[in-house]
Amino acid sequence: MGSRVSAFKRFLHFFLKNPLTLFGIVLVFLFLVIALAAPVLAPYPDQGRGESLMTARLQAPSAEHLLGTDALGRDILSRILFGSRVSLKAALTVILIVIAVGTPLGIIAGYVGGVVDDVIMRISDLFLAFPSLLLAVAIVAALGPNLTNAMIALSVPWWPWYTRITRSQTLSLKERQFVDAARSVGVPAPKIMFRHILPNCITPVIVQATLDMGYIILALAGLSFLGLGSQPPTADWGVMISEGRSFILTHWWISTFPGVAILFSVLGFNLVGDGIAEVMNPKRRR
Amino acid sequence: MKKQWALVLFLLMTASSLVLAGGKSEAAEEDLSKQVLIVGSVDSVTTWDPSASYSTEIAYFTNLYEGLIRAAAPGSDQPFEPLLATAWEASPDGLEWTFTLRRGVTFHDGTAFNAQAVKYSYERTMELGLGAAFILDPIESITVVDDYTVLFKLSYAAPLDRIAASAYGSWIFSPAVKDKGREWFEEGNAAGTGPYKLESYKPDQEIVLVRNENYWGPKDTPAVQRVLVRIVKDAVTMQNMLEAGQADIVTLIPKESLSSVDDRDDCKVLTGPSFMNYAIHLNTQKPPLDNVLVRRAISYAIPYDDVITVSLGDLGTKAVSPIPFGQFGCATDLPQYTTDLAKARDLMKQAGFAGGIDRTLVFTFAAENAAHQAYAPLIKESLEKIGIPVEVRPILWTAQWEMMKGDPLQAQDLGALLWWPTFNDPYETLASLWRTEKKPFFNFAYYSNPRYDDLIDRAYATPDEDEALKLYRAAQEILVQEAPSVYLFDLTTAVPMRENIQGFVINPAYPKAMYFYGVKKN
C-alpha cells in the first residue's frame with residue numbers, strides 16, 4: 001500500500017514539475033473528446049461527413065464558419081472534428097496490430113532463445129532495414145490505395161520495434177527469481193511467458209505505444225496526402241491538406257487548419273509519451 | 001535548390017557557348033535571356049516516335065515535326081494552311097488526292113524532303129499500326145508522281161485533308177530513320193522538319209529544344225534560340241515558377257489563381273477555345289450499368305453546374321454533345337440531360353433498383369488531373385443520393401489507361417476521361433470512344449451498337465458534307481439516348497505566361513500543342 005501512495009505522490013509531484021506533460025495530457029484528452037463527440041460538436045455534421053454545400057464554397061473564416069469552408073462548401077471545423085475520428089481509429093488499430101504481433105514474438109524470442117530467437121530477430125531486422133514510410137508506400141501501391149491497406153502497410157514495418165522491446169525485457173525477466181520459481185514447480189513455458197513475463201513487459205510497451213500514436217497519425221496523414229490512404233470525400237486530415245493544396249496561395253485556411261490539427265495531436269501524444277517514460281523509468285529523469 | 005543551380009549552370013553554359021561562338025560582347029549577354037524560353041509543362045512524353053505518338057507529347061511535337069498541311073487557327077478564312085505541301089486537290093469522288101510539295105526543305109538530320117519521304121512516313125506509320133495509325137485506314141496506296149508531287153489513292157472516300165492535318169499519325173519524318181529503329185526515337189531523338197530540333201531529354205524532367213537554323217520559314221524565325229521545358233506535375237509549383245520569373249510560360253496553375261495571376265503587372269493569361277471535353281464513361285458490359293435505365297438515371301443525377309464550378313470555374317461550359325463544342329460535326333440541338341434527382345430516382349425504380357444497388361461501383365480518373373480530383377466527391381455524393389454506392393479511386397493516368405484497356409468485366413464501373421480529338425473530324429471522336437472494339441483502347445464505356453457503328457461509318461465515307469452531318473447527328477442522338485457516357489463539360493484553354501511573351505497562338509484543332517515558332521520575348 002505504501003508504495004502505491006508514494007507512486008501517486010510521485011505522479012502528482014511530477015506533473016507539477018512538468019507542465020508540458022500536463023499540456024500533452026490535456027491535448028490528448030481533448031482529442032479523445034472531440035473524436036467521440038464529433039457529431040454533437042460539429043456545427044455542420046452533414047458537411048463534416050463529406051456532403052457538399054455549394055452555396056457556401058471557399059468562405060474565409062467567419063462567425064458562421066469558424067475555420068472557413070473548402071471548395072465544396074464544407075465547413076473546415078466540422079471536417080477536422082470528424083477527421084479526428086478517422087485518425088484516432090486508424091492509429092489505434094495500427095498500434096493494436098503491431099502490439100498483438102510484435103509483443104508475443106518478442107517474448108517467445110527472448111524466452112525460448114537459440115534458433116527461434118535468431119529467426120525471429122533476423123526477420124524483424126529485415127523489416128527495420130527499410131525506411132518504414134517508404135516500405136508502407138510500396139505496400140499500398142501493391143495492395144491498392146485505401147485506408148485499410150494504409151493501416152496494413154504501416155503495421156508491417158512497425159511491429160519489429162515491439163518485438164525488440166519485449167525481447168530485451170524478457171531476457172532480463174527470465175533470470176528473475178519468480179520466473180525461476182515458476183519454472184521449478186513445473187509451470188509450462190507458455191504459461192510462464194504470458195502469465196508471468198507479459199504483465200511485466202507491458203510498461204515499456206505502453207510508453208512506446210503512446211509515443212508511436214503521434215508518429216502513426218502523422219504517417220497515416222502523409223499516406224492520405226499522397227492519395228494512398230483515405231480517399232475523398234472522407235474527412236481525413238491528410239486528404240484535407242491535399243485538397244487544399246491547389247488553393248494554398250489563394251485560400252490558405254483549407255490546408256492550414258487540418259495541418260494545425262495534426263500538429264497538436266502529434267504533439268499531445270509525444271508529450272504524454274515522454275512524460276510516462278520519465279515516470280516509469282527513473283534513469284531517464286534529468 | 002538543386003534545380004535552380006542546374007538552371008543557372010545551363011544559362012551560364014549557353015551564355016559562354018554563345019560568347020565563344022560569336023565572340024559577341026556584353027550586349028549579347030543581355031540579350032541572352034531573350035534567347036531562352038523557359039516553359040513549365042505538366043505533359044509527359046509517352047513516346048518520341050512520330051508514328052506512335054498519340055498522347056500528351058503533342059505539347060512539343062508541333063515544334064519538331066510538320067505535316068503536309070495544318071488546320072488554320074480561328075479567324076482564318078481557309079480551313080487549312082499549307083505546311084510541307086503548298087497545294088492539294090481531291091478528285092470529285094474523293095478517292096484520289098494530289099499534294100504538291102514544298103521545295104528546299106531539309107530534315108533535322110540533313111536529308112532532303114521530297115515525295116519519297118512523304119511516302120515513307122505514311123507507310124511506316126501504317127505498317128507499325130500504333131497510336132493514331134487507324135486514321136490512315138482509308139489510304140490504299142501512295143504514289144510518287146515526281147520529286148515534289150504525291151498521289152494518295154483511297155479505298156473509300158474520306159476527308160484526307162483533315163487526316164493530313166491531324167496532330168497524330170500524319171507527321172512527316174526523315175526516311176533515314178529506317179536504319180535506326182524505334183529505340184533511337186525513344187532515346188530522345190527527332191528527325192522532323194520543324195522549326196526546333198530536339199537537343200536533349202530527361203524523362204519527366206526536362207526537354208531542351210534548339211532552333212533549327214535551316215528552317216524553311218522566314219530567316220528571322222523562330223525568334224527564340226532555345227526552349228527549355230521543365231516537366232512539373234504540380235500546379236502550385238508552376239504558379240510559383242511563373243510569378244518568380246523562373247518560367248516564361250506554364251501550362252497549368254490552380255484555376256482559382258488564374259484571375260490573380262492575370263491581375264499581376266508581370267503576368268498575363270491567354271485564353272482561347274479548345275476542342276477538349278470531359279466525360280465519365282459507364283461500363284456498359286458490367287451490371288448494373290449494362291442497364292440503360294440506370295445509365296440514364298446517372299445522367300440525370302449529376303449536378304452539372306456544380307461540377308463545372310468546382311473543377312473549372314469560368315473555364316468550363318456544359319457539354320451539349322459527345323463531341324467537343326465548336327468542332328466540325330458537333331450537333332447543338334440534341335436532347336439534354338439536366339440535373340433532376342426525382343427523375344433519376346424514378347428511372348432507378350423502373351430499372352428494378354428501387355432499394356439501391358448492393359455493390360459499390362468503382363469510379364476512376366487520372367489522379368494528376370486537378371479537375372477530376374475536384375469534382376469526384378460530387379459524383380460520389382450525387383450517385384449515392386439515388387442509391388448507387390461509389391468508391392472514388394484516383395490513379396495516375398498511365399496506370400489508369402492500362403486498367404481500362406483490360407477485360408471490361410474486371411475494369412472500373414465509371415471512368416472519367418479528358419478527351420481531345422486527334423484531328424478535326426467527328427468520326428475520330430465518335431469511333432474512338434464508342435465504336436465497337438474487340439480489344440478496348442479508348443472505348444471505355446465498352447459500348448457496342450451495330451446501328452451506331454454503321455451510321456458513323458457511312459458518315460465518314462460520304463463525300464457529301466450535308467449528308468455526313470445528318471448521319472453524325474443521328475449517331476450523337478443515339479449516344480444521348482443510350483447514355484453510355486455522361487457528357488460533363490467542354491474546356492476553355494488558359495495559358496498563363498509572363499507579360500513580355502508575345503506571339504503565343506492557341507489553335508483549338510491541336511489541343512495541348514504549344515507553338516514556340518512565333519513566340520518572342522520582349
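Across B/Glu381, B/Gln239, B/Glu384, the residue that shares the most heavy-atom pairs under 4.5 angstrom with chain A is B/Glu381. Counting heavy-atom pairs closer than 4.5 Å to chain A, the top residue among B/Val310, B/Leu378, B/Asp234, B/Ile253 is B/Val310.
Along residues 247-259 of chain A, the residues that come nearer than 4.5 angstrom to chain B, judged on non-hydrogen atoms, are A/Phe247, A/Ile248, A/Leu249, A/Thr250, A/His251 in order of number. Close approach to chain B, defined as a heavy atom under 4.5 Å from one of its heavy atoms, is seen in A/Gly50, A/Glu51, A/Ser52, A/Met54, A/Arg57, A/Leu58 of residues 44-66 of chain A, taken by number.
The side-chain heavy atoms of B/Pro394 and A/Gln231, taken from C-beta on, include a pair separated by under 4.5 Å. In this structure, the side chains of B/Glu256 and A/Ser246 stay at 4.5 Å or more apart for every pair of heavy atoms.
Around atom OH of A/Tyr215, no more than 12 heavy atoms belonging to other residues, nucleotides or ligands sit under 6.0 Å away. Other residues, nucleotides and ligands place no more than 12 heavy atoms under 6.0 Å from the NZ atom of A/Lys89.
The minimum heavy-atom distance linking A/Leu72 with B/Pro377 is given by the pair CD1-CB, 3.5 Å.
Considering only residues two or more places apart in sequence or on other chains, B/Ile308 meets the side-chain contact (heavy atoms from CB on, under 4.5 Å) condition with B/Lys318, B/Phe489.
The list of side-chain hydrogen bond (donor to acceptor under 3.5 Å, both in side chains) pairs with a residue in residues 148-164 of chain A, not counting sequence neighbours, reads A/Asp125-A/Arg164, A/Trp158-A/Asp212, A/Tyr162-A/Asp212.
Proximity to chain A is limited to the backbone of B/Ala374, based on heavy atoms less than 4.5 angstrom apart.
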